[in-house]
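Heavy-atom basis, side chains included; hydrogens, waters and symmetry copies ignored.
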Amino acid sequence: SLHDALPIYIESVFAAGDMYRDGVGTEQNLSKAIELYKTIANNRRVGIIDRKRAANKIAYVYENFIEDGHAAVNRLKKAFLLGDKKSRFRIAEIYRDGRGMEPSGTDALEWFGKILRDKTLPDCDRYAAAFEIAQMFYVGKAVPKNDVEAVKYFKLSAKAGTVTARTAYNTLAKIYCTSAELTPNIGMALHWLKKAADAGSYDAMRMLANMYDR
């Protein structure tokens, strides 16, 4: 049977599932695609890497074709239990953006928070999650807008890497200039603009130059 032959023909099963998913060489059949992926994802005789791969493919179909966010999240959680730590970011994004479900800021913060607190991950991954949390609070996406929380997480997110740091520093400067929740503080705005400029932000450099020219 196909189930018994999986250890040998895994790639063929993946290819057939992809064809049904995308409607390439055959009529699109999402149910058939999911059925094929599940024969790998649910087979304990198959290696963990391929089971994680299949779980992610199932989640992808639910998220992007069927638009069932709950089913996508459930499958991604199974991928996480198989050791796929990257699945947590997708889970958080689905909750935050409401992909195929109502947005849930509480769940998004929970999953981004799990990434941030996982010290087995590289700092760039952990603090990228902090940046996503900061953005949620800054623009009020799936949570009430809260500049105090945004500032806290933008400061953390600056550790994610140079590109993220530039955005975080520039946004911190903007918050201290324009926030209705925080007392305007030009000194702090300058502080973060200088850090943004030091990180290579040309926008920050221009703003500083204009301020000093006055």
Could you list the donor-acceptor pairs under 3.5 angstrom formed between side-chain atoms of residues 185-193 and any protein atom two or more places apart in sequence or on another chain?
| from | atom 1 | to | atom 2 | distance (Å) |
| --- | --- | --- | --- | --- |
| Asn185 | OD1 | Gly187 | N | 3.1 |
| Asn185 | OD1 | Met188 | N | 2.9 |

Which word best sums up how the rings of Phe80 and Trp111 line up, parallel for under 30°, tilted for 30 to 60°, or perpendicular for over 60°? perpendicular
Would you say that Asp107 contacts Val73 through its side chain, given a criterion of any heavy-atom pair below 4.5 Å between the two side chains? no
Criterion ring pair (Phe, Tyr, Trp, His ring centres under 6.0 Å) against Phe89, the qualifying member of Tyr95, Phe112, Phe131: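 Of the listed options, the one satisfying the test is Phe112.
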For Lys78, look at atom NZ and say whether over 12 heavy atoms of other residues, nucleotides or ligands are found less than 6.0 Å away. no
Those residues at least two apart in sequence (or on a different chain) that pass salt bridge (charged side-chain N to carboxylate O under 4.0 Å, His left out) with Arg21 are Asp18
Does a salt bridge link [X] with [Y], judged by any charged N lying under 4.0 Å from a carboxylate O?
| X | Y | result |
| --- | --- | --- |
| Arg96 | Glu132 | yes |
| Arg75 | Glu63 | no |
| Lys52 | Asp50 | no |
| Arg206 | Asp203 | yes |
| Arg90 | Glu93 | no |
| Lys152 | Glu149 | yes |

Donor-acceptor pair between Asp118 and Thr120 side chains, under 3.5 angstrom: yes
Would you say the side chains of Asp84 and Asn56 form a donor-acceptor pair under 3.5 Å? yes
